[in-house]
Amino acid sequence: MSEENTKMMQRDLEVIWHPCTQMKDHETLPLVPVKSGKGVYLYDFEGNAYIDAVSSWWVNLFGHANEAINTKIKAQLDTLEHVLLAGFTHEPAIELAHKLVNITPSGLSKVFYVDNGSSAVEAALKMSYHYHLNLGERKALFLSLTNSYHGETIGALSVGDVALYKETYAPLLIGNMQVPVPKDQSMEAANEALLSLEEVLKDKADEIAAFILEPLIQGAGGMHMYHPTYLIGARVLTKKYNVHLIADEIMTGFGRTGKMFACDYAEISPDFMTLSKGLTGGYLPLSVVMTSDDVYNAFYCDYNEHKAFLHSHSYTGNPLACSAALATLEIFEQNDILGENEKKSLYIKENLERFSLLSNVKEIRQQGMVTAIELEGYLPEERVGLKIYEYALTQGVLLRPLGHVIYFMPPYIISYEEIDTMIEVAYQGIVNVLKVP
Ligand SMILES: *Cc1c(COP(=O)(O)O)cnc(C)c1O
């Protein structure tokens with residue numbers, strides 16, 4: 001590693017404790033100090049370029065230093081940087097909320113601002129519990145899918161099912177039950193999983209406030225994918241048994257799955273939808289909980305300290321973040337992003353055919369602008385993902401496999417040539433680093 005990068009890394013390691021990291025790994029694994037970004041590229045302090053094939057943890061939609069987004073944020077910066085959202089309001093929050101109501105499934109008519117994904121999940125769980133309480137029912141249990149991920153704060157962690165993140169904190173968690181996620185993308189698997197869902201609801205619906213799921217793609221659970229039929233069935237069953245449906249579209253929202261929202265594939269309207277990540281184009285922390293008039297009205301009454309939703313965060317609805325989100329939505333309005341993405345995802349799929357000939361490739365799956373290659377035959381301690389990550393960095397691509405699942409989730413502005421590079425590096429990684437015949 002070059003001197004400038006090394007210097008930066010050493011200064012970092014003196015004081016920064018990084019997220020989701022065993023810090024001792026950095027005794028041998030170099031940190032990548034990023035100086036700047038442009039388009040799909042990140043640049044380090046020596047001018048090395050890396051294709052950001054994971055959209056900086058799934059947030060970036062239209063590239064780094066996007067001019068349209070930059071311009072809008074700069075204008076907002078000179079107008080109003082922040083104001084509390086209780087008792088006060090501002091134009092970016094108002095305009096954004098209207099736009100979100102217009103583009104999300106009908107029935108989602110109210111927007112509650114939060115400031116990150118996990119907190120949006122927390123707010124949705126609390127709202128659902130509180131809704132039932134306001135109607136005279138105490139339902140303190142939540143239902144979620146096996147292999148799910150909804151964030152890292154205590155409530156969000158409780159409804160998730162990635163053992164690596166959750167197990168240690170088991171004694172701290174809130175009441176949660178899990179039903180099996182459909183085992184693959186087939187309709188049969190979806191129908192089979194719906195049978196298990198109905199069994200649990202039949203038995204436990206009196207105690208369950210809400211069923212939360214990641215529609216179509218379980219992100220942190222290794223890009224596991226399932227059929228929209230499951231969403232249709234889950235909507236019918238949750239209505240039938242008086243349980244809320246929370247669609248956590250924090251990762252899937254804003255075109256990632258091929259449609260604007262994953263729920264659009266099933267044409268369902270959940271009781272709550274959580275959005276974050278792509279919401280601001282990957283610029284600033286912001287999230288929302290969208291919900292229905294029915295939920296909103298259950299809290300609406302003359303002042304009674306037990307009935308109102310007294311939940312807040314200091315940076316709720318930050319104007320700069322809202323303006324980044326407005327600029328992001330404008331890009332969708334002014335371009336055929338979903339149409340272009342459809343072509344790109346097809347191109348990615350066609351280019352992955354040679355991977356299926358490799359002996360350690362178990363499955364290749366795709367949903368819109370998410371493509372995953374699952375490897376098999378490795379133990380967790382072999383850390384094959386880490387090996388591929390390290391190799392790809394030397395080749396100028398940022399891949400960040402989840403265990404033994406290599407995936408591509410690039411910014412939508414990636415060019416066909418950059419797609420070629422991204423895929424070629426992953427291929428060479430699998431073949432050379434893992435010495436696969
Ligand atoms: C990332 C993610 C979260 C958590 O969002 P943070 O902003 O990282 O707290 C929740 N749900 C899903 C589906 C996610 O992908």
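As the structure lists them, so they are numbered: ligands from 1, and atoms in each ligand from 1.
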### Query
Among protein heavy atoms, which lies nearest atom 5 (O) of ligand 1, and at what distance?
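Its nearest protein heavy-atom neighbour is G117 CA, 3.2 Å.
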### Task
Do me a favour and list the nearest non-hydrogen protein atom to atom 9 (O) of ligand 1 with residue, atom name and distance?
S118 OG, 2.6 Å
Contacting atoms of ligand 1, where contact means under 4.0 angstrom from a heavy atom of [X]:
X: W58; value: 15 (O)
X: D248; value: 10 (C), 11 (N), 12 (C), 13 (C)
X: H150; value: 10 (C), 11 (N)
X: N116; value: 7 (O), 9 (O)
X: M251; value: 15 (O)
X: G151; value: 4 (C), 10 (C)

Ion pair check, [X] and [Y], cut-off under 4.0 Å:
X: R256; Y: E249; value: no
X: D206; Y: R138; value: no
X: K139; Y: E207; value: no
X: E198; Y: K240; value: yes

### Query
Side chains of Y378 and R383: is there a donor and an acceptor less than 3.5 Å apart?
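No, no side-chain donor-acceptor contact under 3.5 Å.
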### Query
Heavy-atom contacts under 4.0 Å between Y149 and ligand 1: side chain, backbone, both, or neither?
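The answer is both, backbone and side chain.
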### Task
Identify, with sequence neighbours excluded, every residue that meets salt bridge (Lys or Arg N to Asp or Glu O under 4.0 Å) alongside R400.
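With sequence neighbours excluded, R400 shows a salt bridge (Lys or Arg N to Asp or Glu O under 4.0 Å) to no residue whatsoever.
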### Message
Holding to ring pair (Phe, Tyr, Trp, His ring centres under 6.0 Å), I want the full list of residues that pass it with Y296, two or more places apart in sequence or in another chain.
### Response
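In terms of ring pair (Phe, Tyr, Trp, His ring centres under 6.0 Å), with neighbours along the sequence ignored, Y296 is linked to Y300.
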### Task
Decide whether the shortest distance between a heavy atom of K277 and an atom of ligand 1 is less than 4.0 Å.
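Yes, that is the case, since the closest heavy atom of the residue is under 4.0 Å from the ligand.
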